[in-house]
Enquirer: 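Okay, here's the structure, questions in a sec.
FYI, the numbering just counts along the sequence from 1.
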Amino acid sequence: MTDTDIREAPEDSFAGRLDFLCMNDPRGPFSNPEVVRRLEELGVPAPSSTYIWQLRTGRSDNPTMKTMDALADLFGVPRDYWSNDATAAAIKVMVDRLNKLRAAGAEPDKLHQQLRAFTQRMSQGVDPEAMVAQLEALERFKAAGLTAADVARLKDSRVTGIAMRAVGLSPQGLDAAVTMIEQVRRLEGLPVKPTPPSES
């Protein structure tokens with residue numbers, strides 16, 4: 001019984017959603033024994049790797065609420081991820097976006113922290129689509145030469161507002177916006193690219 005066995009569960013089932021997280025967690029992919037090990041590290045009485053395999057393949061389809069909550073906490077997703085289609089869809093988009101940032105060189109653990117923050121903001125009622133739009137903006141800024149860290153350091157609400165207005169621009173439009181901002185920085189005697197603040 002290995003992770004390479006055929007998976008028969010549909011994507012919108014518990015098994016499909018669990019398998020998606022195991023395969024696509026920004027820190028992963030996770031094997032069944034790895035899931036067990038990480039649950040144990042969280043201090044959760046972990047099921048066997050055989051049981052995780054059964055859950056991932058749909059061979060066991062009646063996990064306890066305690067098991068579902070522990071798995072949600074492990075992956076940093078909302079606890080209603082397993083049962084709420086809208087939550088699952090938002091998480092899938094977020095994980096896909098985070099993995100694009102990982103492919104561009106972002107650190108897996110930091111991406112996982114971002115997923116946890118996304119989950120926390122969802123629990124506070126923040127629209128998931130708005131958060132996904134922010135990730136899209138990060139990708140576009142990265143394509144224009146700005147890093148996620150640069151954007152994360154933009155604390156001024158007006159600056160953040162300018163950044164968010166770039167969502168939806170074409171690559172050419174984004175290049176034009178960056179060029180205009182650089183020109184204004186030159187006029188004000190600032191370096192073309194902001195210098196990150198020193199860490200305290």
Enquirer: For the SG atom of Cys22 and the CG atom of Leu71, what is their distance to the nearest 0.5 Å?
Expert: 7.5 Å
Enquirer: Using 0.5 Å steps for rounding, measure from the NZ atom of Lys92 to the CZ atom of Arg97.
Expert: 11.0 Å
Enquirer: What pair of heavy atoms forms the shortest contact from Pro26 to Pro108, and how long is it?
Expert: O-CB, 3.2 Å
Enquirer: In sequence, state the C-alpha distance, the side-chain angles, and the governing distance for Gln120 and Arg116, and then conclude on side-chain contact (heavy atoms from CB on, under 4.5 Å).
Expert: CA-CA 6 Å; Gln120 183 177 8; Arg116 284 192 177 280; over 6 Å; no
Enquirer: Under the side-chain contact (heavy atoms from CB on, under 4.5 Å) criterion, do Phe14 and Asp61 qualify, and how do the steps go?
Expert: CA-CA 7 Å; Phe14 175 86; Asp61 60 1; over 6 Å; no
Enquirer: Working to the nearest 0.5 Å, report the span between CZ of Arg38 and CD of Glu34.
Expert: 4.5 Å
Enquirer: Please report the shortest heavy-atom distance between Val36 and Pro47, naming the atom on each side.
Expert: CG2-O, 3.2 Å
Enquirer: Report yes or no: does Arg17 contribute a side-chain atom to a donor-acceptor pair with the main-chain N or O of Tyr81 at less than 3.5 Å?
Expert: yes
Enquirer: Could you grab the distance from atom CE of Met122 to atom OG1 of Thr87, nearest 0.5 Å is fine?
Expert: 4.0 Å
Enquirer: For the CG atom of Leu39 and the OG1 atom of Thr67, what is their distance to the nearest 0.5 Å?
Expert: 8.5 Å
Enquirer: Of the non-hydrogen atoms in Leu74 and His112, which two are nearest, and what is the gap between them?
Expert: O-CE1, 3.6 Å
Enquirer: Measure from the side-chain N and O atoms of Asp25 to the backbone N and O of Leu21, and report whether any donor-acceptor pair falls under 3.5 Å.
Expert: no
Enquirer: For Ser60 and Gln54, indicate whether the former's side chain and the latter's backbone hold a donor-acceptor pair under 3.5 Å.
Expert: no
Enquirer: Between Ile91 and Pro78, which heavy-atom pair has the shortest distance, and what is it?
Expert: CD1-CD, 3.5 Å
Enquirer: Which atom pair, heavy atoms only, marks the closest approach of Ser49 to Asn32?
Expert: O-CB, 3.6 Å
Enquirer: Any heavy-atom pair between the side chains of Arg79 and Asp73 that's under 4.5 Å?
Expert: yes
Enquirer: Could you tell me if the side chain of Phe20 sits less than 4.5 Å from the side chain of Val95, heavy atoms only?
Expert: yes
Enquirer: Any donor and acceptor pair, going by atom type alone, linking the side chain of Asn99 with main-chain N or O of Asn24 inside 3.5 Å?
Expert: yes
Enquirer: CG of Leu18 to CZ of Arg56: how many Å apart, nearest 0.5 Å?
Expert: 6.5 Å
